[in-house]
Amino acid sequence: MSPHGPKGATRRGPICAAEASGSTGAPEAPSRYLPRPLTELHDHLRERLLAATTALGLDRAAAAPLVRLDPPKNREHGDVALGAFQLAKLAGKAPPALAGELAAAITADDVIESAVAAGPFVNFRFRRAALARAVLTAVQTDAAPYGRAPASGQVVCIDFSSPNIAKPFHIGHMRSTVLGNSLCRIHRHLGAVVHGINHLGDWGMPFAKMMTAYMHWGNEQELHRSPMRYMFDLYKRYGQEVKEHPALDDEAAAHFRALESGADNQERRMWQLLRDESLQAFQGPYQRLGVTFDHVIGESFFEDKMEAAMARVKAAGVLENSDGAEVVWLKELGIKEPCLLRKSDGATLYHTRDLAAAFYREDTFHPDRILYVVGAEQKLHFDQLKGVLTKMQEPIAKAIEHVPFGLVLSKTEDGKWEKFASRSGNAVFLDEILDEAVAKVRAIIREKNPDLPDADQTAEQVGVSAIVFNDLKNSRIKDVKFDWESMLNFDGETGPYVQFACARLSSILRKVEVPVPAPGQVDFTLLADAERVLLVMLDFGTAVQRAAEQSEPSIVTAHTIALAGEIHSYLRDHYVIGAEPAVRDARLLLVDAARRLLTTGLSLLGIAAPERM
RNA sequence: GCGCCCGUAGCUCAGUUGGAUAGAGCGACGGCCUCCGAAGCCGUAGGUCAGAGGUUCGACUCCUCUCGGGCGUACCA
């Protein structure tokens with residue numbers, strides 16, 4: 001598209017021409033890193049270790065942060081491992097020597113089965129019964145971290161989805177929507193107060209361009225018939241016509257100034273019409289994706305709040321005039337490009353509204369973190385936003401955190417990957433993708449499970465999950481390769497795979513015809529053979545915690561895949577129904593816990609867990 | 001030009017913030033349904049972690065440079 005074609009997919013649009021943005025977040029605020037949610041097993045072991053190091057003459061406070069218990073690289077080594085490197089340094093001993101002393105000091109008890117030194121490492125094993133009891137009891141009673149944590153006092157604002165609403169909702173919008181939705185759920189699970197905010201792009205030049213297109217070629221009947229598609233057509237037409245008639249952009253700029261004048265004019269009415277139609281059209285995709293917002297506050301909301309924000313910038317003494325525009329220079333912060341807050345024609349900009357929004361969020365929500373789930377190509381934008389607030393010495397600056405993600409790429413004829421743009425109109429509508437996936441699932445159900453009740457609803461859940469899961473599977477910074485074949489392949493590490501595990505577990509619980517026993521009635525020594533499943537479960541809390549710290553839902557995704565895999569393997573050789581009662585009951589508790597945890601994991605991703613499929 | 005991101009098996013990706021012998025899925029090949037769901041399980045093959053230096057007890061991970069790909073770079077969002 002032309003550099004200024006109406007490209008924006010999202011306000012923070014991956015498809016818009018220029019921009020950049022944000023700090024990757026985390027680095028400068030280590031304080032937000034919470035202590036790992038250690039289980040009671042870890043707590044016990046940790047206490048034993050601290051007692052041992054103290055007995056060896058080490059200062060407890062100095063040793064405590066060095067006692068890091070991690071899963072060993074190789075499961076054969078043990079359940080958890082301690083690298084004695086740093087502790088050895090503190091003790092002034094060789095790591096293998098200290099490892100040997102620690103291993104000797106940690107004698108077996110009713111939780112710890114063994115402590116074995118292996119070179120500079122100490123490998124620990126929990127007693128199988130203790131492992132099973134601790135994990136399954138906690139899961140069954142919905143205790144954190146398996147269940148939702150009590151209120152933590154942390155407040156997190158999450159700015160996500162934020163589409164330019166004068167545009168069709170297509171594949172490019174999905175990432176921010178799906179990632180943000182999952183982050184909302186993850187933070188809530190950890191006890192934070194979450195404000196999920198849809199910062200609609202309902203202001204500014206892209207909107208003015210759509211308005212201009214509509215004024216030239218628009219037809220209200222057509223608009224009402226299919227708003228999204230119709231606006232997409234207008235959008236494409238503008239992009240083509242502006243190449244031959246660059247004056248269209250000037251016209252759009254004039255319309256925007258007229259809109260911003262606040263007068264009750266043609267522009268204002270047009271804005272209202274297009275906004276209403278778009279917003280309406282967006283409800284479909286949001287509903288299918290199971291996405292909800294706590295606040296739908298578009299850029300237009302800040303129309304009357306920008307002057308106050310500008311006054312604040314001016315009062316801070318950081319605003320300068322440059323070629324008639326009002327800017328803030330950020331060279332001392334290592335940013336060469338100035339942050340423009342007002343154009344020379346007096347109009348406001350993207351930054352102006354984000355600045356006003358930051359102040360508004362600060363006053364209204366008092367957030368500890370404000371996450372902007374926006375494409376990586378806007379890194380500079382958020383670096384600048386944070387930079388301006390930093391230069392103003394505003395405390396809210398430290399809360400600003402860009403959560404960048406990669407582009408959506410499509411495959412070209414010659415097999416290369418290229419940016420998925422609305423470009424030549426090759427945009428794929430989200431609804432089409434979801435429909436395709438759902439249809440495929442429906443066909444599979446017809447073949448494998450023809451008697452399934454509510455087959456259509458289930459197909460919807462499974463099909464949508466395949467698409468959503470695909471977006472949350474890899475690190476968000478990776479580009480997503482949009483490929484029909486792999487997206488419609490439900491084998492292996494996919495949403496349907498994890499859902500299938502849930503359905504299989506539900507099926508067992510349904511058919512066994514005895515209730516799941518209370519944890520107190522189970523002989524946990526009978527679950528020694530389930531260690532692999534239990535050890536994965538033990539990692540759940542850490543996974544969710546890390547996902548929140550790093551704003552990385554894929555960590556949760558990976559955990560659900562791992563748990564689904566282990567339970568599938570376990571069930572191959574361990575029957576529940578037909579086993580002798582004590583064994584059956586123990587396995588029943590395990591099966592129920594696995595089902596609960598998988599369901600929770602999927603829910604953190606915004607994915608449903610049907611009981612049958 | 002400058003800044004940032006990415007580079008791990010044929011393909012798509014993990015690798016728990018510097019730890020032990022680099023792991024999965026897809027695809028390929030070979031097995032497993034008279035037994036709780038085969039959208040599943042088990043196995044085989046497949047690697048100079050882009051390359052070169054450096055930091056140290058130890059580097060896929062941190063630093064420098066090079067190569068390759070991508071994104072961005074003041075009045076668009």
Side-chain angles (χ1 to χ4, degrees), chain A residues 3-13 15-21 24 70-74 77 81 83 85 94-95 118-121 123 164 201 203-207 209 249 299 322-327 334-340 342-345 347 349-350 353 375-381 383 404 406-407 409 417 419 441 444 448-449 462 473-475 477-479 481 483 485-486 489-494 496-497 499-501 503-512 539 542-543 546 550 554-555 558 561-562 565 568-569 571-573 575-579 591 612-613:
Chain A
H4 284 234
K7 328 177 144 182
T10 11
R11 162 184 103 98
R12 333 291 201 168
I15 297 171
C16 267
E19 200 64 30
S21 71
T24 335
D70 298 310
K73 197 125 195 168
N74 189 331
H77 293 313
F85 304 96
F121 296 91
N123 296 313
N164 255 325
W203 207 247
M205 281 301 288
F207 212 91
K209 288 175 183 177
D249 278 345
E299 293 187 78
S322 177
D323 298 336
E326 294 181 49
V327 311
I335 301 172
K336 287 175 183 161
E337 298 80 4
C339 178
L340 267 79
R342 196 194 303 276
K343 308 205 300 190
S344 48
D345 71 358
L349 290 154
Y350 186 33
R353 294 183 280 283
E377 69 277 7
Q378 292 195 51
K379 173 166 162 48
L380 179 59
H381 177 260
D383 280 346
L407 303 168
L409 306 178
W417 292 102
K419 189 171 172 178
V441 171
I444 293 174
K448 305 192 177 197
N449 202 354
V462 176
K473 187 166 60 175
N474 302 138
S475 312
I477 201 65
K478 297 273 185 182
D479 291 338
K481 277 89 175 178
D483 175 38
E485 192 181 319
S486 69
N489 180 353
F490 306 141
D491 297 333
E493 300 172 339
T494 65
Y497 171 81
Q499 289 179 317
F500 179 69
R504 193 176 170 190
L505 296 169
S506 295
S507 172
I508 292 171
L509 292 167
R510 204 162 46 233
K511 289 177 181 169
V512 72
D539 274 343
T542 304
R546 287 176 54 225
Q550 300 173 24
S554 65
I555 295 171
I561 292 171
H568 270 309
S569 297
L571 291 176
R572 176 178 187 243
D573 299 316
Y575 277 72
V576 177
I577 298 170
V591 163
R612 306 166 197 251
M613 60 186 271

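Here is how names work: the chains are called A, B, and so on, in the same order as the sequence lines, proteins then strands, and each is numbered from 1. What you see is a predicted model, and the numbers here were worked out from it, not measured in a lab.
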Paired nucleotide for B:A38 [Watson-Crick or G-U wobble; both distances under 3.5 Å] = none
Can you figure out which of B:U12, B:C42, B:C75 approaches the side chain of A:Trp417 most closely?
-> B:U12
In whole angstroms, how far is the P atom of B:U12 from the CG atom of A:Asp491?
-> 19 Å
Searching all strands shown, indicate the nucleotide that pairs with B:C57 (Watson-Crick or G-U wobble; both distances under 3.5 Å).
-> B:G19
Please state whether the base of B:U17 and the side chain of A:Gln550 form at least one donor-acceptor pair under 3.5 Å?
-> yes
Using a cut-off of less than 4.0 Å, is there contact between a side-chain N or O of A:Tyr497 and OP1 or OP2 of B:C41?
-> yes
Respond yes when some side-chain nitrogen or oxygen of A:Lys478 is under 4.0 Å from OP1 or OP2 of B:C5, and no when none is.
-> no
Just name whichever nucleotide pairs with B:G47, Watson-Crick or G-U, keeping both distances under 3.5 Å, else none.
-> none
Which of these nucleotides, B:A74, B:C36, B:C13, is closest to any side-chain atom of A:Asn474?
-> B:C13
In Watson-Crick or G-U wobble terms, both distances under 3.5 Å, what is the partner of B:G27?
-> none
Between B:C49 and B:G15, how far is it from one C1' atom to the other, in whole Å?
-> 11 Å
Span that lies between the C1' atom of B:G18 and that of B:C35, in whole angstrom = 49 Å
Check: B:A22 base within 3.5 Å donor-acceptor of A:Asn74 side chain | no
Is any side-chain N or O of A:Lys419 closer than 4.0 Å to OP1 or OP2 of B:G72?
-> yes
Determine the interatomic distance between C1' on B:G25 and the same-named atom on B:G40; round to the nearest Å.
-> 14 Å
